[in-house]
Asker: 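Let me give you the structure first, and then I'll get to my questions.
Nothing here was measured: the structure is a model prediction, and the numbers come from that model. Every heavy atom of this structure was used, including side-chain atoms; hydrogens, water molecules and symmetry mates were not. Lettering follows sequence order; numbering is per chain, from 1.
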Number of protein chains: 2
Amino acid sequence: MQYTLRQLAYLVAVADHGSVTAAANALYTSQPGISSAIAQLEAQFGLQFFIRHHAKGVSLTPAGQSFVAAARNLLAHAEDLSQHASALSQSLQGNLELGCFTTIAPIFLPRLLAAMREDYPDISVRLHEGDTEQLQQALLSGQTELALLYDLDLAPSLYRQTLQTVLPYVLLPAAHPLAGQVAVSLQDLAPLPMVLLDLPHSREYFLSVFRLQGLEARVRHKTVNFELVRGLVAAGNGYALLNLRPQTPQSYAGDQLVCLPIVEEVPALNIVLAWPQELRLTRRAEAFVTLCERSISRLG
Amino acid sequence: MQYTLRQLAYLVAVADHGSVTAAANALYTSQPGISSAIAQLEAQFGLQFFIRHHAKGVSLTPAGQSFVAAARNLLAHAEDLSQHASALSQSLQGNLELGCFTTIAPIFLPRLLAAMREDYPDISVRLHEGDTEQLQQALLSGQTELALLYDLDLAPSLYRQTLQTVLPYVLLPAAHPLAGQVAVSLQDLAPLPMVLLDLPHSREYFLSVFRLQGLEARVRHKTVNFELVRGLVAAGNGYALLNLRPQTPQSYAGDQLVCLPIVEEVPALNIVLAWPQELRLTRRAEAFVTLCERSISRLG
DNA sequence: TCAACTGCATCGCTTTTTACGATGCAAGAA
DNA sequence: TTCTTGCATCGTAAAAAGCGATGCAGTTGA
């Protein structure tokens, strides 16, 4: 047998009241219950905690003194755990584990996190970047509570809240022959060399844009590095399809870029906030979801 | 309802094994038991600790991570309490609360405590000096576990272990007319002025020595201070009856004293080690009792 | 001295909780 | 598909907790 927290609470109450009966009254329970709890503790530890004075309550033995002090400490610790738990579910403080798709991160997160810090200064967001696969894995295993990513082949068990719908665009160097047009046709692009953003799911998505038109892209370069795609395009290594639009027309190298819409009708992508469907969100996570919803208008 | 330590242990085991079933096996209990313990904890705190993966166990949510860490901490603390308790009952270390009669203390304790430190260096004896009344009170209320005192009007609920039997003796200044005798008669003493050691019970005892002979002592001075009695006697203020014999024939003032036996048959006093009868001694207290028994021969 | 009272322990009973095997169900693996 | 895995639920059995009644030893107060 193992002792229970309740037994300890009874023990401490008896020590405080100097009487089993008084403790029972204070705890709104019966005297025999307290009595047997004490007896059990004493039996379990082979110690005598109280000296029984007939008709005059009980008093602590030296061993009892010492044990009660330790028991009090443990009970306080147990109380802490309850507090900790309520803080986890109730309070708007603590950690929020947030997953975010690599390329989405630099576009949206700076403002979102700033807004979070503004509205909920006591919530610290811990960021986990990764590709769709990794983010989904982290969500399902519970490493992160929320993830900001594309709605690309997500498990049906994930609930998705759409934040923004984005259409792919064509990225060209400013000096490109097609750069002067209002929009570019996939027909015109297909024969040209392409720079592919080579991330799981994204990869297939960009290629499918062509396939749906019965076309096939010619990939010259592949990279998982979004900014490298822009750099390669800017330097004349080909065109690229992308979804996200940094607000700068220059590559890191300083070359000029242009973004042009696609003439054909192409599948849009949803940027979503996702979490396991069966998981009840903490208040921290809810706060973030709400904040994202409110920020949608500003996100574009 | 309040959570229990067992529920926490189950929770932690599930977190460690990543599976309810595995935890049940490890703890030699049934899977439904674990399952419901988790469910109860989650319900109580309004939190979800695990994400259930069909046919693939469970994994911790962020809240679960945090809670399990805290739970582990509390369980470790609970384990500490058990350790603490066994240390209290089993180990020969820690505190021993010892009561000692004021006048007995300087005679016996120095050697006894030295022997204790020698044999049980990890037991620290905390000393409570006092008169019979105070010592008995401390024993019965549990403030001290043992007391070294005279067996004078002790409550029958105290168990007594006799360490030494002492006869009262007559204390005289070296220059006193009776000081040359081998023994002194109470008849000769009764008319002389007496210096009385005025402690509860001791007081009555010394006077009863005369009364039992049909005599009445003439008390000139009373004091609770043992050494003051010796000083007063040495300076010629009267004779005294005492039980304990310091091994020095001089008072603090440097005057010479002599101790003489009493001619008549007088009641002896027992120096005893006492403790509440119903109290099971700790191993520390037992160690002290044993050491006292062994030291009896040396005590004289 | 005696009767009334106090306060802890024990007993028997009821209620609640815990434990466990059986079963169901959903998703992964073959 | 079919089999397997693993958690949840259900019904029953065992254990524990709670409680009123009672006993008993010692205290209190007349």
Asker: Rounded to the nearest Å, what distance is computed from the CG atom of residue B:L11 to the C1' atom of nucleotide D:dC7?
Answerer: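 For the pair B:L11 CG and D:dC7 C1', the rounded distance is 15 Å.
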Asker: Could A:E42 and A:R52 be called an ion pair, given the rule that one side-chain N must be under 4.0 Å from one carboxylate O?
Answerer: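 Salt bridge between A:E42 and A:R52, a charged N being under 4.0 Å from a carboxylate O: yes.
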Asker: So do the side chains of A:F49 and A:L47 get within less than 4.5 Å of each other, counting heavy atoms only?
Answerer: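 A side-chain contact exists here, since the closest heavy-atom pair is under 4.5 Å.
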Asker: Separation of B:H53 atom NE2 from D:dC7 atom C1', in whole Å?
Answerer: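 Answer to the nearest Å: 12 Å.
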Asker: In whole angstrom, what separates A:R6's CZ from C:dT18's C1'?
Answerer: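 In whole Å, C:dT18 C1' and A:R6 CZ are 13 Å from each other.
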Asker: Kindly assign one of parallel, tilted or perpendicular to the pair B:W275 and B:Y159, based on the angle between their ring planes and the thresholds 30° and 60°.
Answerer: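 Rings of B:W275 and B:Y159: tilted, 30 to 60°.
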Asker: To the nearest Å, give me how far apart CD (A:Q2) and C1' (D:dA16) are.
Answerer: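 Distance check: A:Q2 CD to D:dA16 C1' gives 16 Å.
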Asker: Phosphate oxygens OP1/OP2 of D:dG20: is one of them under 4.0 Å from a side-chain N or O of A:S30?
Answerer: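 The answer is no; no side-chain N or O of A:S30 sits under 4.0 Å from OP1 or OP2.
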Asker: Give the minimum heavy-atom separation between A:P276 and A:L139, together with the two atoms involved.
Answerer: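 Looks like CG-O, 3.4 Å.
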Asker: Side chain to side chain donor-acceptor pair (under 3.5 Å) with B:H84: which residues, sequence neighbours excluded?
Answerer: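 With neighbours one apart ignored, the set is A:S66.
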Asker: Using a cutoff of under 3.5 Å, can you pull out all pairs of nitrogen or oxygen atoms linking the protein to nucleotides 9-15 of chain C, with atom names and distances?
Answerer:
from	atom 1	to	atom 2	distance (Å)
C:dA9	OP1	A:R52	NE	2.5
C:dA9	OP1	A:R52	NH2	3.0
C:dA9	OP2	A:S35	OG	2.3
C:dA9	N7	A:Q31	NE2	2.9
C:dA9	N6	A:Q31	OE1	3.2

Asker: Is there side-chain contact between B:L5 and B:L74, with heavy atoms separated by less than 4.5 Å?
Answerer: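 A side-chain contact exists here, since the closest heavy-atom pair is under 4.5 Å.
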Asker: Strictly below 4.0 Å, N to O, side chains only: are A:R203 and A:E133 in salt-bridge contact?
Answerer: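 No, no charged N to carboxylate O under 4.0 Å.
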Asker: Between D:dA17, C:dC20, C:dT18, which nucleotide has the shortest distance from any of its atoms to the side chain of B:T29?
Answerer: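 The listed nucleotide nearest to B:T29's side chain is C:dC20.
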Asker: Nearest to the side chain of A:Y10, which nucleotide is it out of D:dG18, D:dC7, C:dA19?
Answerer: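 Of the options given, the side chain of A:Y10 lies nearest D:dG18.
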Asker: Round to a whole Å and report the spacing from CG of A:L5 to P of C:dT17.
Answerer: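 Atom CG in A:L5 sits about 17 Å away from atom P in C:dT17.
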Asker: Ignoring hydrogens and geometry beyond distance, is a side-chain donor-acceptor pair present between A:Q83 and A:E79 at under 3.5 Å?
Answerer: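 Short answer, yes.
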Asker: Base, sugar-phosphate alone, or nothing: which one does B:F50 contact when heavy atoms must sit under 4.0 Å apart?
Answerer: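 Contact class for B:F50: none.
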Asker: May I ask you to test the B:L11-B:F67 pair for a side-chain heavy-atom distance under 4.5 Å?
Answerer: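 A side-chain contact exists here, since the closest heavy-atom pair is under 4.5 Å.
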Asker: According to a strict under-4.0 Å criterion, is B:T21 in side-chain N/O contact with OP1 or OP2 of D:dT5?
Answerer: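 The answer is no; no side-chain N or O of B:T21 sits under 4.0 Å from OP1 or OP2.
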Asker: What is the distance from OH of B:Y28 to C1' of C:dT18, rounded to the nearest Å?
Answerer: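 The answer, rounded to whole Å, is 21 Å.
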Asker: Return the value, rounded to whole Å, for the distance between atom CD of B:Q7 and atom C1' of C:dT17.
Answerer: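 Those two atoms, CD and C1', are 11 Å apart.
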Asker: Please report, rounded to the nearest Å, how far the P atom of C:dT17 is from the OH atom of B:Y3.
Answerer: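 About 18 Å, once rounded to whole Å.
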Asker: Rounded to 10°, tell me the angle between the two end axes of the helix from C:dT1-D:dA30 to C:dA30-D:dT1, each built from five pairs.
Answerer: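 Taking the rotation axis at each end, their angle is 20°.
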